[in-house]
Q: 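Provided herewith is a single structure, encoded as structure tokens, for subsequent inquiry.
The residues of the chain are indexed from 1 along the displayed sequence.
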Amino acid sequence: MSNICTAFSDNSVTQSGSGGELGQDVVCIQSTDAFNPTRVVSVPNLIFTCAPTFLLEGLANGVKGIAGLGRSKISLPAQFSPAFSFDRKFAVCLTSSIRASGVVFFGDGPYVMRPNIDVSKNLIYTPLILNPVSTANAYVQGEPSADYFIGVKSIKINGKVVNLNTTLLSINKEGFGGTKISSVHPYTVMVSTIYNAVFNPFVRELSNVSRVAAVAPFGACFNGKEIGVTRVGPAVPQIDLVLQSESVYWRIFGGNSMVQVSNDVLCLGFVDGGVNPRTSIVIGGHQIEDNLLQFDIATSRLGFSSSLLFRRTTCANFNFTSKL
């Protein structure tokens, strides 16, 4: 029997993991000139893991695998970088539309969305923090986390600092705590004490709007007819994740903080994660929709745009049709 290399595969949706055989194959991917798709390019020896079929459980119908974008040595960004001679950098733009696609760019910008807006301009940057302890479900002892963590220092509601236990915002020596970004989670999940610290002042700031019965998994729901509409979504209090300094913050507007659960009901799209989760804050998919996130692994920093709605574009506005 020939020698077989193995690696751990991880399904973060079902929180299961297993070992799998490593393989190689040719992978083709659409390139772009920043404005339109161009020719299809290929990687001749892309490494992948052939995982057990049970790791497909919990994924969307028809899905045959998971594309790894993490900080591992065999993720797609790590392999595409030497193959195409660009820095280890990629950008994600998730759409809020159920009828249109978002986009992932490998390599540097510009990233141009209709109507001719380079959304890589005016990005705000914050360091990516390495969690020294793996947060995967199956891993080798001593292996660091492949997830992307950022250093949230405080949280503000309508410009007012909320009262919370800031020690939970740091990663301890066991790898617990901190803030990570995860599109696996549909909504931002917070340890109970931080969730309550955000929930209560948010509700107070929106006291002029009628509360309605909560709709799981959300705790605060409101009469949507009493909430106005702005360019960046429902007119609700702004939530700021303050990063390395008071002048660097990720502002979450109504389009990303609120979830429309019915025609007349809007809910605060944050979820109580319990008293002792592995990570204190997990920024979920709804909160990053129509935000451009650029993961610069080479320099260990995150560039983020905040809501592209302010710039009159969305993540669905990349031109997916080739030039004629």
Q: Classify the side-chain pair Ser75/Arg88 by whether it contains a donor and acceptor separated by less than 3.5 Å.
A: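 There is no such pair between these side chains.
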
Q: Per the side chain to side chain donor-acceptor pair (under 3.5 Å) rule, which among Ser97, Ser307, Ser96 passes with Asp290?
A: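 Filter result, single survivor: Ser96.
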
Q: For Asn163, look at atom CG and say whether over 12 heavy atoms of other residues, nucleotides or ligands are found less than 6.0 Å away.
A: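 Count not over threshold, so no.
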
Q: Could you walk me through whether Leu130 and Arg71 pass the side-chain contact (heavy atoms from CB on, under 4.5 Å) check?
A: CA-CA 9 Å; Leu130 183 66; Arg71 299 180 78 160; 4.2 Å; yes

Q: Please confirm whether the ring centroid of Phe270 lies under 6.0 Å from the ring centroid of Phe202.
A: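 Ring centres of Phe202 and Phe270 not closer than 6.0 Å.
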
Q: Please walk me through it: do Asn256 and Ile288 pass side-chain contact (heavy atoms from CB on, under 4.5 Å)?
A: CA-CA 7 Å; Asn256 293 110; Ile288 61 178; over 6 Å; no

Q: For a side chain to side chain donor-acceptor pair (under 3.5 Å) check, start with the C-alpha distance between Thr193 and Asn165, then their side-chain angles and the critical distance, and finish with the verdict.
A: CA-CA 8 Å; Thr193 56; Asn165 180 0; 5.9 Å; no

Q: Just say parallel, tilted or perpendicular for the rings of Phe90 and Phe295, cut-offs at 30° and 60°.
A: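 Parallel.
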
Q: Tell me, do Leu241 and Ile283 make a side-chain contact under 4.5 Å, heavy atoms counted?
A: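 Yes, close enough: below the 4.5 Å cut-off.
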
Q: For the pair Phe304 and Trp250, name the ring-plane relationship: parallel under 30°, tilted 30 to 60°, perpendicular over 60°.
A: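 Parallel: the ring planes of Phe304 and Trp250 meet at under 30°.
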
Q: Got a donor-acceptor contact below 3.5 angstrom from the Thr49 side chain to the Leu22 backbone?
A: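 Judged by distance alone, no pair lies under 3.5 Å.
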
Q: Hey, does Met190 have a side-chain heavy atom less than 4.5 Å from the side chain of Ile155?
A: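 A side-chain contact exists here, since the closest heavy-atom pair is under 4.5 Å.
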
Q: Can you tell if the side chain of Tyr125 reaches within under 4.5 Å of the side chain of Asp296, non-hydrogen atoms only?
A: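 Heavy-atom side-chain distance check fails, nothing below 4.5 Å.
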
Q: Would a 4.5 Å heavy-atom cut-off, applied to side chains only, mark Val43 and Ile29 as touching?
A: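 In short, these two side chains do not touch, never coming nearer than 4.5 Å.
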
Q: Is the CZ atom of Arg114 crowded by more than 12 outside heavy atoms at less than 6.0 Å?
A: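 Yes, because the 6.0 Å sphere around CZ of Arg114 holds more than 12 heavy atoms from other groups.
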
Q: Under the side-chain contact (heavy atoms from CB on, under 4.5 Å) criterion, do Ile74 and Gln79 qualify, and how do the steps go?
A: CA-CA 6 Å; Ile74 61 170; Gln79 295 194 66; 3.9 Å; yes

Q: Tell me whether the count of non-hydrogen atoms from other residues, nucleotides or ligands lying under 6.0 Å of OH in Tyr249 goes above 12.
A: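 No - once you tally the heavy atoms of other residues, nucleotides and ligands closer than 6.0 Å, there are 12 at most.
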
Q: Does any non-hydrogen side-chain atom of Leu46 lie less than 4.5 Å from one of Asp25?
A: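 A side-chain contact under 4.5 Å is absent here.
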
Q: Do Leu206 and Glu226 touch side chain to side chain, with heavy atoms closer than 4.5 Å?
A: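 Not touching, per the 4.5 Å side-chain cut-off.
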
Q: What about Leu164 and Tyr195, same hydrophobic cluster or not, with Ile/Leu/Val/Met/Phe/Trp/Tyr joined at side-chain heavy-atom distances under 4.5 Å?
A: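 As far as the 4.5 Å side-chain criterion goes, Tyr195 and Leu164 are connected within one cluster.
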
Q: Could you tell me whether the side chain of Ser305 reaches within less than 4.5 Å of the side chain of Phe310, counting heavy atoms only?
A: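 Sidechains of Ser305 and Phe310: no contact.
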
Q: Quick one, Lys180 and Tyr148 - any side-chain contact, counting heavy atoms below 4.5 Å?
A: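 The answer is no; the side chains never approach within 4.5 Å.
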
Q: Under a 4.5 Å side-chain heavy-atom rule over Ile, Leu, Val, Met, Phe, Trp and Tyr, are Ile181 and Val242 clustered together?
A: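 Different clusters: Ile181 never reaches Val242 through Ile, Leu, Val, Met, Phe, Trp or Tyr contacts under 4.5 Å.
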
Q: One thing to verify: whether Lys156 and Glu246 come together as a salt bridge, which I'm taking to mean a side-chain N less than 4.0 angstrom from a carboxylate O.
A: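 Yes, charged N to carboxylate O under 4.0 Å.
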
Q: State yes or no: are the ring centers of Phe318 and Phe105 separated by less than 6.0 Å?
A: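 Yes, ring centres under 6.0 Å apart.
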
